[in-house]
Number of protein chains: 2
Amino acid sequence: MARERKFNTVDLFQAAKQLLLEYGYDGFTFSLLADRMDVSRAALYKYYENKEELITDFMIYEMELFLHELKEIEKLNGFDQQFDFLMDFIFTKTEIHHLIKAALHVLAKLEQTNINKEKLEKLPLEMYRYLNTFILKGKEEGKLKSHIPDSLIIGFILQTVAIPNHFGVPHQEWVNSIKEIIRQGMFNNS
Amino acid sequence: MARERKFNTVDLFQAAKQLLLEYGYDGFTFSLLADRMDVSRAALYKYYENKEELITDFMIYEMELFLHELKEIEKLNGFDQQFDFLMDFIFTKTEIHHLIKAALHVLAKLEQTNINKEKLEKLPLEMYRYLNTFILKGKEEGKLKSHIPDSLIIGFILQTVAIPNHFGVPHQEWVNSIKEIIRQGMFNNS
DNA sequence: AATATAAGTGACAACAATGTAACTTTAAAT
DNA sequence: ATTTAAAGTTACATTGTTGTCACTTATATT
């Protein structure tokens with residue numbers, strides 16, 4: 001008994017993602033999104049009470065997807081292979097880093113009453129906890145230095161994707177160098 | 001023959017800095033700044049044509065200050081001491097990292113006509129060039145691995161200040177661990 | 001004391017985003 | 001064919017920022 005929908009949620013999130021990466025959280029508006037979806041602005045209000053709710057919904061979707069894909073790591077044996085997988089994986093998902101940052105930005109402003117707040121707060125922690133088991137494995141296998149805090153190891157690895165390649169070093173060389181620094185540092189052994 | 005000024009540029013920049021870090025570039029408004037300075041909004045327009053001009057002026061001031069203080073590094077002898085100085089220095093100036101990011105954000109939107117554009121573009125490069133001589137020294141002394149791109153080494157070091165310390169690791173342990181990772185990596189030698 | 005002039009203010013129009021309410025359209029169910 | 005209800009649109013009031021202009025205030029110079 002209802003009319004056909006002009007757009008689906010996945011397409012909407014796709015467009016929202018592009019706009020968020022292009023304009024940032026503050027630059028993102030319903031007008032922009034409505035235009036891009038060829039739909040009236042008011043139509044969006046049928047599904048989302050406001051910008052916050054739409055964006056938090058989108059972020060939860062995006063981070064769950066990321067976490068789901070990350071779990072492929074379990075299929076690999078041994079820490080070394082998993083380390084390589086993780087590094088390559090996050091470099092195919094550089095956007096997630098920006099989105100997580102945006103998520104923190106949103107969280108700071110979020111109304112206490114927002115339904116999504118709790119869920120959105122949990123997801124980064126879940127990711128950390130998940131990666132933590134990976135770190136633990138590395139330490140148990142004697143691969144990772146045991147005296148370095150787990151959270152720093154995780155943060156360090158995730159942060160590398162945000163290093164700006166101002167001078168256009170070729171991607172593979174860039175990634176390989178980063179892996180080497182993480183593994184053995186940038187100093188020569190003396 | 002003129003009335004006394006209610007505020008000076010340094011105080012203004014101080015307030016602007018706080019507001020920028022608190023609200024981000026987009027959240028920063030003349031109303032906010034005027035309120036904080038106990039001055040009418042229109043008064044600000046006597047000195048700056050718009051938000052862009054004020055913020056770019058401020059950023060140039062801030063980055064020049066940073067660069068100036070960084071040059072203390074020249075008083076130290078040998079790469080090892082300079083490395084330590086640099087690491088400690090950027091950790092006393094974590095805001096500069098956010099400001100540089102904001103600067104890039106501004107640059108992207110800046111009108112071609114903006115007088116400050118050229119100058120603002122040059123400063124990060126100047127900083128890179130300056131740090132580059134430091135990197136070169138490390139390579140010449142045989143301390144730094146010569147096959148890792150200079151720009152990555154610099155970016156890597158600068159980026160470490162942005163790693164979020166979600167779990168509140170004590171500052172000194174945090175910084176020391178970062179130094180160790182940068183120097184020798186997070187893997188055990190095998 | 002008079003004056004010139006920079007410093008500062010208040011008020012206005014223009015613009016854009018937000019959220020809502022009354023309306024129209026479409027298609028499935030009866 | 002009629003009804004029903006969700007999908008979508010148009011139009012409006014509200015809010016806040018922006019930039020500008022005419023105006024007032026204060027002070028150094030004459």
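Keep in mind the model is a prediction, meaning the values are calculated, not measured.
Residue contacts shown for A/Y48 are absent, as no nucleic acid heavy atom lies under 4.0 Å away.
Figure legend: B/K51 and B/Y25 shown as a cation-pi pair, the cationic atom lying under 6.0 angstrom from the six-membered ring centre and within 45 degrees of its axis. By the 6.0 Å and 45° rule, B/R5 stacks over the aromatic ring of B/Y47.
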N/O contacts under 3.5 Å, protein versus nucleotides 21-25 of chain C?
unit_1, atom_1, unit_2, atom_2, d
C/dT25, O2, A/R3, NH1, 3.1

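Toward the 5′ end of DNA chain C lies the nearest nucleotide of B/S40, the other residue of the pair B/S40 and A/E49 mapping further downstream. Nearer to the 5' terminus of DNA chain D, by closest-nucleotide assignment, is the contact made by B/T29 (compared with the other of B/E4 and B/T29). Projected onto DNA chain D by closest heavy-atom contact, A/L44 and B/S31 fall at different nucleotides, the more 5' of which corresponds to A/L44. Residue-to-nucleotide proximity on DNA chain C shows that, of B/V39 and A/F28, the 5′-proximal contact is made by B/V39.
Separating the OH atom of B/Y25 from the P atom of D/dT17 is a distance of 15 Å, rounded to the nearest angstrom. Atoms CG (A/N50) and P (D/dT15) sit 17 Å apart, rounded to a whole Å. Atom P of nucleotide D/dG16 and atom CZ of B/R41 are separated by 13 Å, given to the nearest angstrom. In this structure, the CE atom of A/M37 is 10 Å from the P atom of D/dG8, given to the nearest Å. Across the protein-nucleic acid pair, B/F30 atom CZ and D/dT20 atom C1' stand 13 Å apart, rounded to whole Å. Summarising the geometry, the separation between CZ on B/R5 and P on C/dT9 is reported as 12 Å, rounded to the nearest angstrom. Between B/L32 atom CG and D/dT17 atom C1' there is a gap of 11 Å when expressed in whole angstrom units. Atom pair B/D26:CG and D/dG16:C1' shows a separation of 15 Å (rounding to whole Å applied).
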_salt bridge (charged side-chain N to carboxylate O under 4.0 Å, His left out), that's the test. Do B/D35 and B/R41 meet it? Break it down for me._
CA-CA 8 Å; B/D35 280 1; B/R41 200 168 50 82; over 6 Å; no
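Ring pair A/F134/A/F79 is parallel by interplanar angle, where below 30° counts as parallel and above 60° as perpendicular.
For C/dG8, one of the phosphate oxygens OP1 or OP2 lies less than 4.0 angstrom from a side-chain nitrogen or oxygen of B/Y47.
Taken residue by residue, residues 6-22 of chain B places heavy atoms nearer than 4.0 Å to DNA chain C at B/K6, B/F7.
B/N77 CG: 12 or fewer foreign heavy atoms inside a 6.0 Å radius. Within 6.0 Å of CD on A/E22 lie more than 12 heavy atoms contributed by other residues, nucleotides or ligands.
In the set D/dG19, C/dT9, C/dT18, C/dT9 carries the atom at the smallest distance from any side-chain atom of B/A43.
Here OH of B/Y128 is found 10.0 Å from CD1 of B/I135. Values are rounded to the nearest 0.5 Å.
Looking at B/Y130 and B/E74, their side chains do bring a donor and an acceptor atom within 3.5 Å of each other.
Centroid-to-centroid, the aromatic rings of B/Y48 and B/F58 stay 6.0 Å apart or farther. Taking the ring centroids of A/F66 and A/F89, they lie under the 6.0 Å cut-off.
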